[in-house]
Amino acid sequence: MKADCVVLGAGIVGVSTALHLQARGRDVVLVDKNAAAGDETSFGNAGLIERCSIYPYSLPRDFSKLLKYAFNRAPESNYHLAALPSVLPWIIRYALKSGKTQIRKSAMASLALIERCVIEHQVLMNEAGVPELGLKTGWIKVFRDGKSLESGLQDAQKLKEFSINFDMLNALEVVLKEPHLSGVFTGGVHFTDPVFVPDPGALVKAYAALFKARGGRMVTGDAMTLGQTAKGWRVSVEGGSLDTTDAVVCLGPWAGGIYERLGYEIPLGLKRGYHMHYQRKGNAVLNHPVLDVDNGYLIAPMTRGVRLTTGAEFAKLGAPKTPVQLAKVEPIARVMFPLAERLDMEPWMGARPCLPDMLPVIGPAPKHRGLWFNFGHEHHGLTLGPVTGRLLAEMLTGAAPFTDPAPYSAARF
């Protein structure tokens, strides 16, 4: 096989990148180890196109919270002791980038991407014929403690300079928004700008179907066989090999399998997460995704059922599942919302690919002609897939990029 471009990885980032390259006249082949798109990390998120998350998820500075993290006693965090020697250096770099000055710098760098995330998705949803997968419900943070509420309201106020819309809720207003929630709440914040996707996996598959309907090819193959040739790049695919001029690495947490072999030292870390789906009891209704801030989990009204998602687990890529966080928060979630039986045979697990400065890597590989990177989207792969796909395609095809790509360069490391 031959093509102008190969995109490695058929998650939301890879499929979006392939669509944007295709729209700019390139003959693109999408390669994934799976036969279908969107079956890995893109499948298991909270379903939020997060227009309000300009400030990235940083390491808290609260000593008592850090102490709980150290002893694995916080429901929103867990780590494998065996992985600590490899994970700790990354956490230290993450901590250094979590100061006020560095967080502000990362926020300003991410702004150009975040402010276009809903627009770029809406274009693709309409073209793919699935506008119903983007619900304009926003999402709600609920707080049980006065201190956490005060902190949450301060964080929300910081977003006003970016014209982010939200409603502050008192305890009664939380219940009016979500009548079937139970518990003692001090208040909440309803972020109204984000779009909720009740079936993220179906959305990625709809985008992939659009790519194929427009003449794109998707094949199964082994991205880790990528190698340089005299004229470009070659990768092994089902039935043979594929030769291409340009290769784009959109492999999320697996990107290191390529860039490390080619001599790049990019500090990609992993934050694993779990989810489980549940039936609702009786006539219970959940109107929005709801984050229980004080207990570190989120519930969302997905097509399959109510999805309960966990915080971050630090472990080696490929390590066995250890859904201890799910076990900790499920009883709390059952009290907050009337969850019935589990709908999945076992917990789903995915890995969020994160850089210490909480910005993705987008652009050309500095030492290899025709090699491009688009990975490391932290907690916002679903959010940023279409907009970073557009930016990468503009750079690869020589078009004027819609924003300065320098903050996302692999050379920053």
Side-chain angles (χ1 to χ4, degrees), residues 1-31 108-117 119-124 127 207-208 210-219 223 226-235 242-252 255 258-259 262-264 266 355 359-377 381 384-413:
M1 296 176 65
K2 293 183 183 296
D4 297 335
C5 305
V6 60
V7 175
L8 303 174
I12 184 62
V13 176
V15 173
S16 299
T17 300
L19 276 168
H20 278 287
L21 287 166
Q22 183 186 59
R24 286 159 179 80
R26 296 303 173 100
D27 176 29
V28 186
V29 175
L30 191 57
V31 173
M108 293 302 98
S110 69
L111 179 60
L113 303 178
I114 292 291
E115 65 185 2
R116 290 200 59 84
C117 66
I119 296 170
E120 296 294 341
H121 262 290
Q122 287 175 335
V123 170
L124 293 184
E127 292 176 348
Y207 289 174
L210 176 64
F211 169 72
K212 289 187 278 189
R214 291 176 170 174
R217 292 171 284 170
M218 180 175 170
V219 298
L226 183 72
Q228 198 167 22
T229 66
K231 296 182 179 180
W233 297 88
R234 177 175 294 162
V235 63
L242 169 66
D243 288 323
T244 182
T245 304
D246 294 293
V248 188
V249 180
C250 300
L251 293 169
I258 291 181
Y259 69 69
L262 295 175
Y264 295 93
I266 300 173
L355 281 305
L359 295 171
V361 173
I362 311 167
K367 296 182 288 188
H368 292 83
R369 181 180 177 86
L371 181 64
W372 302 80
F373 296 146
N374 191 6
F375 59 82
H377 291 63
L384 297 178
V387 68
T388 61
R390 172 182 168 177
L391 181 60
L392 189 285
E394 288 172 343
M395 297 171 71
L396 191 152
T397 58
F402 72 87
T403 188
D404 181 8
Y408 325 115
S409 170
R412 72 185 192 268
F413 302 111

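Here, residue 1 is the first one in the sequence, and each next residue gets the next number. Not measured: the values here are computed from a predicted model.
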> Are more than 12 heavy atoms from other residues, nucleotides or ligands located less than 6.0 Å from atom NZ of Lys367?
Replying inline: yes
>> So if I apply the ring pair (Phe, Tyr, Trp, His ring centres under 6.0 Å) rule between Tyr259 and each of Trp372, Tyr264, Phe375, which one comes out positive?
In response: Phe375
> What is the minimum heavy-atom distance between Gly389 and Thr17, and which atoms define it?
Replying inline: CA-OG1, 3.5 Å
> How far does SG of Cys250 sit from CG of Leu392, to the nearest 0.5 angstrom?
Replying inline: 6.0 Å
>> Can you give me the closest heavy-atom contact between Met395 and Gly363, atom names plus distance?
In response: CE-CA, 3.6 Å
> Okay, side chain of Thr244, backbone of Trp233: is any donor-acceptor separation there less than 3.5 Å?
Replying inline: no
>> If you define the side chain from C-beta out and look only at heavy atoms, does anything of Val219 sit under 4.5 Å from Met1?
In response: yes
> What are the two closest heavy atoms between Val7 and Gly14, and how far apart are they?
Replying inline: CG1-O, 3.4 Å
>> I'd like to check Arg412 versus Leu359 (side-chain heavy atoms, cut-off strictly below 4.5 Å). Are they in contact?
In response: yes
> Which value, rounded to the nearest 0.5 Å, describes the distance between Arg390 atom CZ and Glu120 atom CD?
Replying inline: 5.0 Å
>> Please find the pair of heavy atoms, one from Ala3 and one from Arg217, that lie closest to each other, and give the distance.
In response: CB-NH2, 3.7 Å
> Leu251 and Val13: side-chain contact (heavy atoms from CB on, under 4.5 Å), yes or no, with the steps?
Replying inline: CA-CA 8 Å; Leu251 293 169; Val13 176; over 6 Å; no
> Any sub-3.5 Å donor-acceptor pair from His20's side-chain atoms to Leu391's backbone N or O?
Replying inline: no
> What's the spacing between Thr397 OG1 and Arg26 CZ if we round to 0.5 Å?
Replying inline: 6.0 Å
>> Using only atom types and a distance under 3.5 Å, with no angle test, would you say the side chain of Gln22 pairs donor to acceptor with the backbone of Val28?
In response: no
> If you look at every heavy atom in Ala255 and Val249, which pair is closest and at what distance?
Replying inline: CB-CG1, 4.0 Å
